[in-house]
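What you are looking at is a predicted structure, and each value in this text was computed from that prediction instead of being measured. Proteins come first, then strands; the chains are lettered A, B, ... in the order of their sequence lines, and each starts at number 1.
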Amino acid sequence: MATERTVSSNVFDEFKWRGLVYDFTEGLPETLAAEKVTVYIGFDPTANSLQVGNLLALMGLARLQRFGHTPIAVAGGGTGMIGDPGGKTAERQLLAQEEVAANVEAIKGQLARFLDFDARDNAARIVNNADWLLKVPMMAFLRDVGKHFTVSTMIAKDSVKTRLQREEGISYTEFSYQLLQAYDFQQLYDRYGCTMQAGGSDQWGNITAGVELIRRTRGARAHGLVYPLVTDVEGNKLGKTVQGTVWLDAEKTSPYRYYQFWLNQGDDQVIDLLKYFTWLTQAEIAELEGRVAEHPERREAQRTLAQELTRLTHGETALTKAEQASQVLFGGEIAGLDAADIADIFADVPSSEVAKARFEGAGVSFIDLVDELGITRSKGEARRLLANGGFYVNNVQVAESDRSLTLADTFEGRFIVLRRGKKSYHLVRLAG
RNA sequence: GGGCAGUUGAUCCGAGCGGCAAAGGAGGCGGACUGUAAAUCCGCUGGCGUAAGCCUUCGGGGGUUCGAGUCCCUCACUGCCCA
């Protein structure tokens, strides 16, 4: 866990300063200042890992916990099931339940890096809404929950309204989603005294539905807080890149890629991201803001962001390795390294095995090999790229069109590092 | 059911007198410049071939022609208008 660095005396002010407050229910600031609340966020257990898109809500929970409030992470094991009703047998449904359970388990490990599950007074907890949603009888649900909602308010919610305007419309199942989420909130209130729900701004309608349900059925006042939607310059959700989703699981997104993802954030966004996602104080961030303004080319803010988040998500060792790899992959000079370094640094780069014998004597034609390994789509493309100076062997640009690769190009007879363009690497492993 | 418009390079838009490997743009990929950025500039963007050249592409099928993306017939799908 990171060290105690928070300075604001009041969580709400802290959230406000960090730009995390998009909307909130009336009286929330006062409640947060006056008492310790139990707060929850929901997440989808459809994968065995969280992703960058979950990080904002997660850090929000972590901040609340640090201020003494009690966090609950709710896996949508039940709501997830109705999200995809198409063509599944009962048997597979059961399997899906096991999968969800496995996913929840995997995710819990990740949550532990952010939330404290062992705190004395306000330990975090993770629950699965399938625990109650799968058991609730239809009649009881309609009577006890459905009764408190009018269809006119339900169709007035943004999420529903936009769908109704489209041609495809909305299924009854999905239309019911807000009731289920409201019911979740009520259940968490009953079971854990949970009186606050946080989430992305798109959750606002669902959250207030829960607040309303608790007020009507329990006569209690519950609260909601929603964060702004974080997007990149192109308006895409943060963490959805061309190469795919950025995951928190090292197996799905290597620490190196994770580090690079944050390092590559733009100047105009990096300060906001530091506020959203790190534990850095106001003073520290202000300092970095000044540095970005004066020397943007140094990218100190980006580097700090990448370091903080890689450390938080993957730990100190992984961070060190990611930084090392970054230096080599972008610094250029790799001639001095030994095979062990190469193996380590290029661990997450695509690689292929090629028989060592082929490199003996005159060696193998560069064009042929590159085509064979699928680095280019055709030999013609390979030739064009080479002519344009787009190929590198061990980070040295290939100049001759008839270049061949021999044992002299290898690291200890074990590896050759091919590179296409600026940063697309391919490791050749010699075998046999 | 009737009428009109359309379907183009295995991403998207989009030109295309019967001689076309097929204009242009976006995107993508390289290079230069840079801060692993943005902007800008240059090159590439069907396959095989060092090359001459050969092969394969314009919704499907059939036809006319020395030769068809381009003309004719037919089928399919899409969009708009009339019932």
Side-chain angles (χ1 to χ4, degrees), chain A residues 52 166-168 230-236 238-244 246 253-274 288-310 319-334 345-350 362-405 417-426:
Chain A
V52 163
R166 289 197 191 170
E167 249 184 49
E168 313 89 68
V230 185
T231 58
D232 63 20
V233 194
E234 274 118 41
N236 302 311
L238 194 76
K240 298 284 184 189
T241 67
V242 251
Q243 288 115 39
V246 180
T253 299
S254 74
Y256 164 72
R257 286 192 199 293
Y258 190 75
Y259 178 89
Q260 286 289 327
F261 169 75
W262 295 109
L263 186 67
N264 283 319
Q265 296 299 324
D267 297 346
D268 45 0
Q269 234 192 340
V270 65
I271 297 301
D272 284 344
L273 295 176
L274 282 166
L288 282 168
E289 195 167 7
R291 287 171 190 259
V292 170
E294 255 179 77
H295 290 288
E297 75 282 3
R298 290 185 191 160
R299 292 181 307 142
E300 288 176 64
Q302 281 91 337
R303 187 155 292 116
T304 306
L305 179 70
Q307 285 169 347
E308 288 290 321
L309 281 161
T310 307
L319 168 62
T320 309
K321 284 195 175 179
E323 289 195 295
Q324 253 174 21
S326 296
Q327 266 179 14
V328 171
L329 265 48
F330 291 95
E333 196 50 46
I334 63 174
I345 289 166
F346 292 92
D348 4 284
V349 152
V364 54
S365 149
F366 181 81
I367 295 286
D368 288 348
L369 186 71
V370 145
D371 177 58
E372 179 188 324
L373 297 180
I375 294 171
T376 54
R377 246 187 273 177
S378 65
K379 283 192 186 180
E381 185 184 9
R383 277 191 210 97
R384 284 192 293 268
L385 260 169
L386 192 144
N388 286 331
F391 276 122
Y392 305 77
V393 171
N394 299 331
N395 272 4
V396 178
Q397 195 168 48
V398 176
E400 320 81 46
S401 60
D402 56 350
R403 178 75 147 88
S404 359
L405 295 171
V417 178
L418 302 180
R419 184 177 124 211
R420 174 200 162 143
K422 260 185 186 165
K423 37 188 158 182
S424 175
Y425 282 88
H426 191 104

Show the distances under 3.5 angstrom between N or O atoms of the protein and N or O atoms of nucleotides 55-58 of chain B.
none

Interatomic distance, [X] [atom1] vs [N] [atom2] [rounded to whole Å]:
X        : N     : atom1 : atom2 : answer
A:Arg257 : B:U36 : CZ    : P     : 18 Å
A:Asp402 : B:A51 : CG    : P     : 13 Å
A:Asp368 : B:C48 : CG    : C1'   : 13 Å
A:Gln302 : B:U36 : CD    : C1'   : 11 Å
A:Ile367 : B:C48 : CD1   : P     : 11 Å
A:Tyr425 : B:U36 : OH    : C1'   : 10 Å

Mind telling me whether B:C77 is syn or anti, cutoff 90° either side of 0?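 It is anti.
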Set of side chain to side chain contact (heavy atoms under 4.5 Å, CB included) partners for [X], sequence neighbours left out:
X        : result
A:Arg403 : A:Phe366, A:Val393, A:Val398, A:Glu400, A:Leu405, A:Asp409
A:Asp267 : A:Val292, A:Pro296, A:Gln302
A:Ser254 : A:Tyr256, A:Arg257, A:Asp348
A:Glu300 : A:Leu288, A:Arg291, A:Arg298

Could you list the residues that satisfy side-chain hydrogen bond (donor to acceptor under 3.5 Å, both in side chains) with [X], not counting sequence neighbours?
X        : result
A:Glu323 : A:Tyr259, A:Gln307
A:Glu297 : A:His295
A:Gln397 : none

Salt bridge (charged side-chain N to carboxylate O under 4.0 Å, His left out) partners of A:Asp368, counting only residues at least two apart: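 A:Lys379.
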Sequence neighbours excluded, every pair satisfying salt bridge (charged side-chain N to carboxylate O under 4.0 Å, His left out) that has a member inside residues 386-396 of chain A: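 Passing the test, one end in residues 386-396 of chain A: no pairs.
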What parts of residues 370-387 of chain A reach RNA chain B, counting only heavy atoms under 4.0 Å away? A:Ser378, A:Lys379, A:Gly380, A:Arg383, A:Arg384, A:Leu385
Side chain of A:Leu263 - closest among B:U36, B:G31, B:G30: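 Given the options B:U36, B:G31, B:G30, the side chain of A:Leu263 is closest to B:U36.
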Dump the pairs, protein N or O against N or O of nucleotides 37-40 of chain B, anything under 3.5 Å, distances to one decimal.
none

